[in-house]
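Since the structure is predicted, the reported quantities are computational estimates derived from the model, not experimental observations. Throughout, numbering of the chain's residues begins at 1 and tracks the sequence.
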Amino acid sequence: MPTEPPDPEPVSPGFGRRRFFLVGAVAAAGLGTGLGLLSEGDGRPVNRHGAAAPGTAAARARYLQIVAHEDDDLLFMTPDLSESLRAGSPHLTVYLSAGESKAGVPPDTHDVNAYVADRETGVRTAYALMLGVRDRWRRETLTVGALRLLSYTLADRPDIRLVFLLVPDGRDPRASLGWHTLGRLWSATGHADVCGWTQAPEGSPYRRCLSREDVLTALTGLIQSFRPTVVRSQDTAPDERYSADHPDHIAAAHFAAEAVRRHAARHPEQPLLQVNYRDYNIRNLAVNLADADNRYKRRVFAAYSAHDYRISAENPHWDAYEARMVYRWPRGTGFTAADAVYAVGAGRLLVWRRAGGRWSAPRSLGDPGGPLAPAVAAAGPVVLGLRTDTGEVVAYDRRGWRSLGRPDPKKVRNQAGTPVAVADGSGTVAAFVRNGRGGVSARFLGPGGWSPRWTDLPGVDLNQVVSPQQKKRHHRYGDVQDGLSAVVTDDGLIELFAATRSQILWWRQRAPGRPLVFAGPLPVAGAIAPLAAEAVGGRVEVMFREPWTGRTLAISRLMTSNVWDATVPVRAAAHLDGEAPVVGVLPPTRLIGVPAPLPDGTQVCAIGADGRLHVAPGSAVRKAAWRAIGR
């Protein structure tokens with residue numbers, strides 16, 4: 001990827017024996033703290049003004065963000081973005097759309113090219129603020145194949161780069177392809193003659209007619225050159241129960257996923273961990289950022305919006321976006337099995353295996369014919385995942401892949417969440433998934449094989465949500481959120497918990513091998529999904545974060561009782577956004593998802609942003625107990 005000469009431009013303790021005790025309340029998992037210094041790799045602090053020391057875990061972790069507009073990373077991926085920036089890791093962010101919208105379209109009198117430049121200036125200012133360095137950038141032209149791309153590199157942190165493809169904004173009626181250029185390009189499969197002119201001044205080296213393949217060539221070329229370990233992108237399947245998403249967001253997410261898939265096909269040895277973020281519809285969910293993170297995110301967005309005249313009262317939702325950050329597919333803690341840890345890299349299933357006390361390097365188990373969502377669940381002899389292209393739940397065992405079908409009828413789009421799974425006392429594996437209608441569906445694997453179809457669990461009001469989307473206003477949905485949690489009691493009975501925006505719902509088995517019955521809501525005022533549940537020491541306990549306050553609370557009961565005790569604060573819980581709460585010693589590196597113990601409790605395992613497996617003894621009480629598998 002040659003670079004042409006730059007143009008000069010200044011520019012609570014005791015809950016559960018399987019938990020691992022946390023030292024402090026630092027989100028080293030990379031899910032939001034607002035701290036300026038993090039301890040990495042060898043324990044030395046990383047100065048927020050500089051890059052991480054070579055060889056440390058932070059230097060190994062390389063983040064690629066692919067978004068539609070110049071503020072999408074600030075609104076929907078922060079505080080994850082700000083935390084990983086300040087950890088000292090290299091970052092490359094690609095903005096597919098020029099973001100001009102209707103600037104310069106009468107009655108608006110603003111110059112469209114000046115507005116595009118202003119938005120670029122705004123995001124550069126925000127990045128410099130997050131890093132605590134001078135807002136001085138070098139403008140460069142990157143050459144990827146036959147494409148020339150606008151790029152900016154931060155002078156004081158040359159491992160931070162922003163790239164702009166300048167595809168016309170989806171709401172620009174002047175675009176050569178009309179409305180929704182990015183979406184039209186994504187849909188133009190097999191039509192190489194379909195292209196859209198970039199939003200750049202006449203005579204600019206960045207003005208050209210981009211085709212679908214041009215966009216994918218640019219993205220795959222940048223992935224090949226930058227070699228990220230983590231790819232952050234937007235939502236390919238926005239939740240239809242809530243506010244509609246911008247078509248550019250959806251198209252950008254599809255382009256990112258396809259580019260990752262193509263790169264992985266050519267470079268299967270390179271693990272690529274993917275994180276997808278929900279966009280506009282987060283405003284319909286409870287606030288899940290703590291006050292400090294909310295204030296910091298507002299400050300960052302204010303640095304950007306000072307350069308964007310359209311950030312005004314015309315959109316009343318900016319405050320809502322600043323107070324939230326939600327993953328499309330939270331990972332949960334179901335990714336460990338007996339002597340095995342599973343993860344998804346570039347849509348393929350990966351496994352690390354333990355034999356004789358030693359862990360292997362990751363091995364790819366492939367995919368079921370299409371890309372997997374980033375979260376998987378292991379139980380008994382199977383690993384379960386979700387195909388993002390078809391909405392099918394799929395199962396992997398020693399015989400290979402098998403489709404378990406969609407939990408939704410054909411008329412419902414690919415809206416399901418990722419499955420959770422446990423094995424009861426009879427050895428029956430129960431799989432649960434939040435379906436596209438807002439309820440919970442279940443399927444069981446017994447001695448005779450899988451039950452013939454998905455069945456809906458009782459107790460969910462499927463008329464609770466009326467979609468605000470114009471085309472969906474006649475539809476009714478349940479309010480169950482992603483991030484279910486299932487446990488098995490000492491009697492071998494399954495209990496399942498699911499959060500709505502106002503309740504925690506509870507199901508339980510009466511006997512092993514039998515379906516679950518609805519046991520009612522828990523006596524809590526509300527919970528932020530995902531949940532964390534355990535059945536240990538004769539008690540069942542559920543840990544969750546409280547809406548609006550972000551406090552971590554726990555509620556528990558004796559397994560022999562149906563009466564739940566009052567909620568109590570968990571003071572030693574990690575401050576996490578987007579994932580289930582955890583209590584324990586987190587490794588001195590940033591994680592993708594949260595740690596989980598092996599079934600035998602001997603070790604705790606986590607997937608690092610550096611693409612490596614990190615393990616610690618189950619009894620670990622110090623960060624130094626963690627070690628990374630692989631070089």
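For His249, the ring pair (Phe, Tyr, Trp, His ring centres under 6.0 Å) partners at least two apart in sequence or on another chain are His69, Phe76, His246, Tyr280. Contacts of His180 classified as ring pair (Phe, Tyr, Trp, His ring centres under 6.0 Å), with partners at least two apart in sequence or in another chain: none. Every residue two or more places apart in sequence or in another chain that forms a side chain to side chain contact (heavy atoms under 4.5 Å, CB included) with Pro374 is listed here: Asn276, Trp329, Arg331. Take Asp118 and apply the salt bridge (charged side-chain N to carboxylate O under 4.0 Å, His left out) test, not counting sequence neighbours, and it matches no residue. Listed by chain and residue number, nothing satisfies the ring pair (Phe, Tyr, Trp, His ring centres under 6.0 Å) test with Phe335 (two or more places apart in sequence, or in another chain). Residues satisfying the salt bridge (charged side-chain N to carboxylate O under 4.0 Å, His left out) criterion with Arg413, sequence neighbours excluded, are Glu240.
Proximity of a side-chain donor or acceptor of Arg232 to a complementary backbone N or O of Tyr63 within less than 3.5 Å is not detected. No donor-acceptor pair under 3.5 Å is formed between the side chain of Ser225 and the backbone N or O of Gly221. Although no hydrogens or angles enter the test, the distance criterion places no donor-acceptor pair under 3.5 Å between the side chain of Arg119 and the main chain of Tyr304.
At least one cation-pi condition fails for Arg363 and Trp352: the charged atom is not both under 6.0 angstrom from the six-membered ring centre and inside a 45 degree cone around its axis. A cation-pi arrangement, defined by a distance under 6.0 Å to the six-membered ring centre and an angle within 45 degrees of its axis, is present between Arg62 and Phe226. Annotation: cation-pi pair Arg139/Tyr206 absent, no NZ/CZ under 6.0 Å from the ring centroid and within 45° of its normal.
Taking the six-membered ring where the residue is Trp, Trp137 and Tyr127 present perpendicular rings, their angle passing 60° and hence far from 30°.
Exactly one residue among Leu272, Thr93, Val230, Val94 makes a side-chain contact (heavy atoms from CB on, under 4.5 Å) with Leu64. That residue is Val94.
Annotation for Gly99 and Tyr115: closest pair O-CE2, 3.4 Å, computed over non-hydrogen atoms. When all heavy atoms of Val604 and Pro595 are compared, the closest pair comes out as CG1-CB, 3.7 Å. Nearest approach of Val215 to Leu185, heavy atoms of both residues: CG2-CD1, 4.3 Å.
With salt bridges taken as basic N to acidic carboxylate O contacts below 4.0 Å, one links Asp389 and Arg387.
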